[in-house]
Amino acid sequence: MSEKFDVIVVGAGPAGSACALTCAQSGLKVLLIERGEYPGSKNVMGGVLYRKQMEELIPEFWKEAPLERPVIEQRFWMMDKESVVSFGYKGLEWAEENNYNNFTVLRAQFDQWFASKAVQAGALLINETVVLECIVENGKVVGVRTDRPDGDIYADVVVLADGVNSLLGKQLGFHKEFRPDEVALTVMEVINLPKEKINDRFNLSDNQGCTIEIFGDSTKGNLGTAFLYTNKDSLNIGVGTTLSSMIKAKLKPYDLLDYLKNHPMVKPLIEGGESAEYLAHLIPEGGYRSVPKVAGNGVVLIGDAAQLVNAIHREGSNMAMSSGKMAAETIIEAKHRNDFSESSLNLYREKLYDSFIMKDLEKYKDAAHTFEKYPQYFNEYVPMMNKAMSKFFTVDGTPKRDKQKEIMKSITKERGVINVAKDMYRAWKAVK
Amino acid sequence: MSTKTLEEKQYLIRFKCDTKSHLTVLDHDVCMTQCPDKICTVFCPAEVYKWEGTRMQVGYEGCHECGSCRIGCPYQNIKWEYPKGGHGIVFRLA
């Protein structure tokens, strides 16, 4: 293959397909390279796809994309061994087409469809091809070396959308190897369950979905979360912690998943279901400080490869798509100037840092570090909260004011007044 | 039925195995002499790594290609590559 492209995009996930689609729509010659058998075959996520950033790429995508359910309820559980403190929001406005907020999706299906839209726009997709390295000449990325025979391919710009591990970003020296506290190891299962049972158990109608994020005993008090999402006729159930927490606690991730599945608060919801798939994946959760250099001579990094994930709000695929679009817009402008140098492509960096993506990551830049360093939020406060609620709601003849006093006393007794104040201030500072 | 063991979980997945491993333990002596925890045998979500007394057995065929072992090995003793194009794990659903 001695052909030269305007753009080579490595990886056909949400970031790569968004970038390839936008470039192809403006008439650029685009090659999209995927290492899997098909786009999505290597990709995993819990399953929430946001409307806004997808709609900016494909208007009214919900009319044809393979989606599961529009989410109308988001629940949050602070779970102890035999109890849960829950809160959440359910809004029927999210069930209306004009107000869809997010959807549950199955990625292997969604990603295939999304990549096919880039192909329809004119991008060339080649599957089953690994990019071994970027070809660098005179300090500029000029193409990629693939594992196909005569596999060198050239382009003005190479877009690295090669996912959380981004071996290519590492090859270029844009980032070092990630530390175990910068990534979360997450495992999940897809469990088939008849639609009627899902509707009954989660209090939903056919075209309504529910998400539950679970903190506390779901990770045995370690830094991480679990989730349970409703698809049409299946559930996605998963759990993850930072790899460093997994190592420190000597946890087997699948044992944690089975612990969750058998938890008395969770088990009735998945009872009778049939496991259909088991998946493991890393999530880049280092946040703001882990974002590498995102533009160089002839190259940009987007999506998970640029570590663009907001772990607090479980946003990632939307940031991937948005970053892919911003990179594409930059490449289109660079093409007009015929300048693919780092200073030209740094416009992408400016767009990124000026957008909700880096603003949100900046907002939470200390959160992961705080919660990793001070595990009491997960392993002490969640059980305390459960005990407090139990005490407060149990009617036993004790006056409410005395109950409140007792609760406050038991909390400050466990942690100490000053420590509680410190913990609260620290948590507020991390998420303010 | 919902799965109860890792074996049952792994059985749900489609793999298109390469004949050659994409994972390499660089020096088995490091595992033996410097790494009492052999933590990769614990956190790997597919139990790819099994300690066999003197060397680390690598069951690359069941690998999810997540990258945890490369990042989590305390001695950077695992060479981690992608399987050949089109090979390795093939997710069908999520």
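Residue numbers start from 1 in every chain, and the chains themselves are labelled A, B, ... in the order their sequence lines are given, proteins ahead of strands.
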- Query: So B:K9 and A:L257, side chain to side chain contact (heavy atoms under 4.5 Å, CB included) or not? Walk me through it.
  - Reply: CA-CA 11 Å; B:K9 292 184 198 330; A:L257 181 58; 4.3 Å; yes
Taking every non-hydrogen pair under 4.5 Å, which of [options] racks up the most with chain B?
options                      : result
A:V187, A:I191, A:L251       : A:L251
A:N192, A:T129, A:L167       : A:L167
A:G163, A:G272, A:G47, A:S41 : A:S41

Spatial distance of atom [atom1] ([X]) from atom [atom2] ([Y]) [nearest 0.5 Å]:
X     : Y      : atom1 : atom2 : result
B:T5  : A:D258 : OG1   : CG    : 8.0 Å
B:K84 : A:E128 : NZ    : CD    : 10.5 Å
B:E8  : A:Y254 : CD    : OH    : 13.5 Å

Side chain, backbone, both or neither: which part of [X] has a non-hydrogen atom closer than 4.5 Å to chain A?
X     : result
B:L93 : both
B:K16 : side chain
B:I71 : both
B:P83 : both

Are [X] and [Y] close enough that some pair of their side-chain heavy atoms sits under 4.5 Å apart?
X     : Y      : result
B:E65 : A:K42  : yes
B:S2  : A:K261 : yes
B:F91 : A:E37  : no
B:Y82 : A:V131 : no

- Task: Please list, chain by chain and in numerical order, all residues satisfying salt bridge (Lys or Arg N to Asp or Glu O under 4.0 Å) with A:E372, sequence neighbours excluded.
- Result: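 Listed in chain order: nothing, the list is empty.
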- Sequence-distant partners of A:D111, salt bridge (Lys or Arg N to Asp or Glu O under 4.0 Å), two or more places apart: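 Expected list: A:R107.
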[X] portion near chain B, given a 4.5 angstrom heavy-atom threshold:
X      : result
A:V44  : both
A:Y38  : side chain
A:Q109 : both

- Task: May I ask you to list the residues in residues 233-250 of chain A that approach chain B closer than 4.5 angstrom, counting heavy atoms only, ordered by number?
- Result: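 Expected list: A:N236, A:L243, A:M246, A:I247, A:K250.
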- Task: Considering non-hydrogen atoms only, spot the tightest contact between A:M188 and B:A94 and give its length.
- Result: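 Between these two residues, the closest heavy atoms are CE-CB, 3.4 Å.
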- Residue B:Y75 excluded, over 12 heavy atoms near OH under 6.0 Å: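 Atom OH in B:Y75 is crowded, with more than 12 foreign heavy atoms closer than 6.0 Å.
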- Going through the checks in order, is the side chain to side chain contact (heavy atoms under 4.5 Å, CB included) test met by B:R70 and A:N165? CA-CA 10 Å; B:R70 189 191 75 249; A:N165 283 295; 2.8 Å; yes
- Task: Would you confirm whether A:R148, through its side chain, and B:G85, through its main-chain N or O, come within 3.5 Å as a donor-acceptor pair?
- Result: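 It does not hold such a pair.
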- Message: Ignoring hydrogens and geometry beyond distance, is a side-chain donor-acceptor pair present between A:E189 and B:T3 at under 3.5 Å?
- Response: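 The criterion, which ignores hydrogens and geometry beyond distance, is satisfied for B:T3 and A:E189.
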Pairs of donor and acceptor atoms involving the side chains of residues 278-286 of chain A, under 3.5 Å and at least two apart or interchain, shall be tabulated with distances.
residue: A:Y278; atom: OH; partner: B:P45; partner atom: O; Å: 2.6

- Contact leader toward chain A among B:A46, B:C40, B:P74, B:C44, where contacts are heavy-atom pairs under 4.5 Å: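 Among B:A46, B:C40, B:P74, B:C44, the one with the most close pairs to chain A is B:C44.
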